[in-house]
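Take a look at the structure set out below.
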Amino acid sequence: MVFLSFVYRFLTNFLFLAMVYFSLNYMEKYEHRAAVAILVLVYTGMRAASTLRAFYFFQKIEKLEAETRRLQAPINDGSGGTNTRKQIVADVGRLRRDGEIKSYMDLFFLALIVLLCVAAIMRQ
């Protein structure tokens, strides 16, 4: 499922990139092309801000993971519930890393879209 989530994220970003590319290249009037490019830039800016905010969230989760591991170390005396807690902390760490990778993927495609939009605005 983790691999499929990466594939899904890649495909949705790639399809958005393709849609922007084709919509900007098949418009003949400069005014229409520039208007669409500006609208896409606004949408891309909002998505980029959301993605960058997610990095702040991931950073806070990483701090919580470290604190949980630090507090859990003295408790690990062989009691029954610690294996479950260790598994939960490991799962949260894996989900955080996967989320960071997906966010990097989003930022890469958003940067490509920004380049396409700027190129469409600059050419006449």
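Values below: every heavy atom of this structure, side chains too, minus hydrogens, waters and symmetry copies.
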Angle class for the Tyr104/Phe55 ring planes (parallel below 30°, perpendicular above 60°, tilted otherwise)? tilted
Give me the atom names and distance for the closest heavy-atom approach of Leu24 to Ala120. CD1-CB, 3.8 Å
Before accepting this row, confirm whether a basic side-chain N of the pair Arg96/Glu100 lies closer than 4.0 Å to the acidic partner's carboxylate O. yes
If you link I, L, V, M, F, W and Y whenever their side-chain heavy atoms are under 4.5 Å apart, who else ends up in the same group as Met1? Leu4
Work out which heavy atom in Phe58 is nearest to a heavy atom in Ser103; give both atom names and the distance. CE1-OG, 3.5 Å
Quick check: is Ile38 connected to Leu115 through a chain of hydrophobic side chains (ILVMFWY, heavy atoms under 4.5 Å apart)? no
Side-chain touch Leu52/Leu107, heavy atoms, less than 4.5 angstrom: yes
Nearest heavy atoms of Asp106 and Arg9, plus distance in Å: OD2-NH1, 2.6 Å
Which pair of heavy atoms, one from Val89 and one from Glu65, lies closest together, and at what distance? O-OE1, 4.3 Å
Counting only heavy atoms not in Glu67, do more than 12 sit closer than 6.0 Å to its CD atom? yes
Are Ile113 and Tyr21 side-chain neighbours, meaning at least one heavy-atom pair lies under 4.5 Å? no
Is the shortest heavy-atom distance from the side chain of Asn13 to the side chain of Lys102 under 4.5 Å? no
Determine yes or no for a side-chain-to-main-chain donor-acceptor pair under 3.5 angstrom, with Ser50 supplying the side chain and Met46 the backbone. no
